[in-house]
*Asks:* 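Attaching a single structure in structure tokens format; questions to follow.
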Amino acid sequence: MPASPSLATTIRTHTCGALRAADAGAEVRLGGWVHRKRDLGELVFVDLRDRTGLIQISFDPRFTSSETVSLAATLGPESVVLVEGEVVARPTEMRNHELPTGDVEVRAKSLKIVGPSVAPAIPVARVRGEPLPAEELRLRHRYLDLRRPELQENIILRHRLMQTSRKFLSDRGFLEVETPILTKPTPEGARDYLVPSRVHASEFYALPQSPQLYKQLLMVAGFDRYFQIARCFRDEDLRVDRQPEFTQIDIEASFIDQDDIVALTEGLIAALWGEAGLEVPASFRRMSYADAMERYGSDRPDLRYELEIFDASDVFRDTEFTIARAAIAQGGRVRGIRVPGGSGLSRKQLDELEASAKSAGAGGLVRLKRTNGQLEGPAAKFLHDGAATQLALGEGDLALLVAGPNHVSSPALDRVRQDVGRRLALVKEDVRSFLWVTDFPLFERDPGTGRLAAVHHPFTAPHPADVAKLDSAPETVRARAYDVVLNGTELGGGSIRISDPALQSRIFSLLGIDEATASARFGFLLEGLRAGAPPHGGIAFGFDRIAMQLAGAASLRDVIAFPKTTAARALFEGAPSAVPREDLKELHIRIEEPGT
RNA sequence: GGAGCCGUAGCUCAGUUUGGUUAGAGCACUCGACUGUCACUCGAGAGGUCGCGGGUUCGAGCCCCGUCGGCUCCGCCA
């Protein structure tokens, strides 16, 4: 990180956190918030805080007027004051080793209260070990919560990550271009946030779910390399790592292929993690989607621990174990994981694992453990003598198995795998496991309607080798799409786009979007592609999630200055809110009373 | 849309299991004492719509129903 600039102004000469032993003897003027006060009668200490840290101010009648000491004694927490005084070294035994400024203090000569404060609704300076105030209060009094050094650090880190992204991309010829916030509604994907048009009755803008089409058109326009720290909006229910408005590092480039995006992205991630003082591998492991699903049951596997899924169908094929036989007869399999030393898990723990497998859709969880050379478990009696060897179970190992089609066993085993990894502390917490997942399927079939839907989005290019199968076997067509995953969390994803208008039309038609609809929704993209489009592709990162990872935060709310609640409310300013009837009338909107 | 947890003083919590006198503690706040503290200490005081509404009961913070708010998860998030 470059040296910090001076934050000195006409009002202050230093910041609170900046003072060191070398400053002893300096006359300084400081401004800040009263963090804590210790009033010993004729001697008063104040910890003064700004975003750079804390410094102790002493008010001593030997060095200032008794009026000033009395004024200091009246200070309430969170008042803003200006202090003039001299930096003095503290006697050795009075140094505070917990503070970077703890070798010195400022001996105040004058004190001015410039921003008196009422008693804060939630404490900023907290009692050690006391839990944080309720999240509701933290959000309602956000200006106080944001004063806490922990949150300040998060927001400052976020700033640095943003600047790092800009510099990294700008240095590589990427141009930062803004795209509209008032844009066109899209029926695909997430629900849109709509904005009514005053000028055009009964018509609406939508806030962008991502700048996807605009960035492709910028490639058509010849800008060649684009990026944006883009705000995106999706009206879906929230999670601890999901906010209705969020920020993406959005990237697109021309005359590139997947490997170019991969190399660029690995560099960007190295720069971002480096900004947080962390190292990342020079290049990341890659795994196909098919491999990831087969071996880990997930398209974003956490590879900090093994517990790889294996196929145990052969062991059960000719047995009387009905559940397994039925699954195999219907084209399914018996798959599972081996848990080394897992025979020590208690009945209760195994029941809990089964419950989580069931909650992920499995019918049950078959347990087999090997003790004293023998297989034990409810299903053991169906198995022949060599089964333990065939399952490759060592002494004291446990196998956890799910029978059924892949779309049942994969998510169930993913859950079981994660639970086991956590319970047995198999997760190597100090490892950062980056992974590229590639060759996603282009389409998936909606189980309800049987219609094809785009896995990524409808502008994703099919794998050239699979184009011939578009009509005959569309579900087997691979996409030129890629996700980057860290420790089981998706950091970002992207694809090479379709640049051939004829192919784009064909994909629309496979997705059941007829020509008129395609033209109405995406006409501007199709026209653009017909106007001479370079091969192009890109990627987008969830910037908030990256900040959350690097800040070590437990919630996205802790890296966003003004986040929304789980119910998508802003408690601080009180959004959303009702509006005057006249405003609605101007927008040609009439509210249907609830319940009518 | 569904499930779970939580809601008592400004803040963090006890009290709810088994309904019963005047609902407690620490911190913060107010007043007083204190010249080297750094979570200062000591003394005194003030502070309550037990989220809200309804019900059961002689009696409800505690039991029942509803509702609001916060959090976590499922669905949803091309």
Side-chain angles (χ1 to χ4, degrees), chain A residues 35-48 54-63 66 69 73-74 76-78 88 90-91 93-99 101-102 105 107 117-141 144-145 186-192 209-210 212-213 232-244 246 356 358-361 411 415 440 442-444 446 451-460 479 481 490 493 495 507 511 513 521-522 542 554-555 557 564-569 571:
Chain A
H35 190 67
R36 244 191 271 273
K37 180 185 70 181
R38 291 174 291 281
D39 178 358
L40 278 62
E42 274 300 284
L43 182 63
V44 177
F45 296 99
V46 167
D47 289 337
L48 196 64
L54 286 179
I55 179 76
Q56 172 165 283
I57 316 288
S58 66
F59 293 88
D60 185 325
R62 291 176 298 169
F63 304 106
S66 63
V69 178
T74 69
E78 300 308 314
V88 294
R90 297 202 208 177
E93 66 278 14
M94 287 166 199
R95 290 181 188 158
N96 184 339
H97 301 291
E98 287 174 22
L99 288 181
T101 62
E105 66 183 18
R107 188 182 279 163
S117 171
V118 295
I122 57 171
V124 177
R126 288 165 42 239
V127 175
R128 197 171 294 163
E130 185 165 276
L132 288 171
E135 185 126 23
E136 183 178 355
L137 296 167
R138 293 177 47 203
L139 292 171
R140 203 173 290 283
H141 308 285
L144 291 174
D145 200 36
T186 53
E188 286 77 21
R191 278 183 279 267
D192 283 324
Q209 296 180 28
S210 84
Q212 183 60 35
L213 294 175
C232 304
F233 306 86
R234 294 181 190 171
D235 186 4
E236 297 295 346
D237 288 341
L238 285 76
R239 289 288 184 279
V240 68
D241 60 352
R242 242 161 57 189
Q243 283 273 311
F246 60 99
S356 76
K358 282 182 172 170
S359 77
R415 274 290 286 276
F440 279 79
L442 189 62
F443 303 113
E444 62 191 345
D446 186 297
R451 286 175 49 173
L452 288 179
V455 167
H456 188 51
H457 57 52
F459 321 113
T460 301
E490 183 194 327
S495 63
I507 298 291
L511 290 168
I513 303 171
R521 288 182 198 165
F522 308 116
S555 164
R557 294 182 295 274
K564 304 282 189 287
T565 68
T566 314
R569 281 192 179 279
L571 294 183

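Below, read A as the first sequence line, B as the second, and so on, with proteins coming before strands; counting in each chain starts at 1. Here the structure is a predicted model, which means the values were calculated and not measured.
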*Asks:* Do R557(A) and G70(B) have a side chain to base donor-acceptor pair shorter than 3.5 Å?
*Replies:* no

*Asks:* Side chain of E188(A), heavy atoms from C-beta onward: which of U12(B), A78(B), C73(B) has the nearest atom to it?
*Replies:* A78(B)

*Asks:* Answer yes or no: side-chain N or O of E42(A) and base N or O of G36(B) forming a donor-acceptor pair under 3.5 Å.
*Replies:* no

*Asks:* Determine whether a donor-acceptor pair (N or O, by modelled atom type, separation under 3.5 Å) exists between the side chain of E78(A) and the backbone of V124(A).
*Replies:* no

*Asks:* Contact class for P91(A) vs. all strands (heavy atom < 4.0 Å): base, sugar-phosphate, or nothing?
*Replies:* nothing

*Asks:* Find the distance R95(A):CZ to U37(B):P and express it as a whole number of Å.
*Replies:* 15 Å

*Asks:* Output the single nucleotide from G36(B), A39(B), U12(B) whose closest atom is nearest the side chain of E98(A).
*Replies:* A39(B)

*Asks:* Distance criterion of 3.5 Å, no angle test: do you see the side chain of R90(A) paired donor-to-acceptor with the base of C38(B)?
*Replies:* yes

*Asks:* Could you give the CG-to-P distance, from D235(A) to G1(B), as a whole number of Å?
*Replies:* 12 Å

*Asks:* Of the nucleotides C34(B), G69(B), U37(B), which has the atom closest to the D39(A) side chain?
*Replies:* C34(B)

*Asks:* Nearest to the E130(A) side chain among C34(B), G26(B), G70(B), which nucleotide is it?
*Replies:* G26(B)

*Asks:* For U72(B), does either OP1 or OP2 sit under 4.0 Å from a side-chain N or O belonging to T566(A)?
*Replies:* yes

*Asks:* What does V455(A) touch in the nucleic acid at a heavy-atom separation under 4.0 angstrom: a base, only the sugar-phosphate, or nothing?
*Replies:* sugar-phosphate

*Asks:* Quick check: any donor-acceptor pair below 3.5 Å linking the side-chain of R234(A) to the base of C76(B)?
*Replies:* no

*Asks:* How long is the line joining CD1 of I122(A) and P of G70(B), in whole Å?
*Replies:* 16 Å

*Asks:* Return the value, rounded to whole Å, for the distance between atom CD of E136(A) and atom C1' of G7(B).
*Replies:* 8 Å

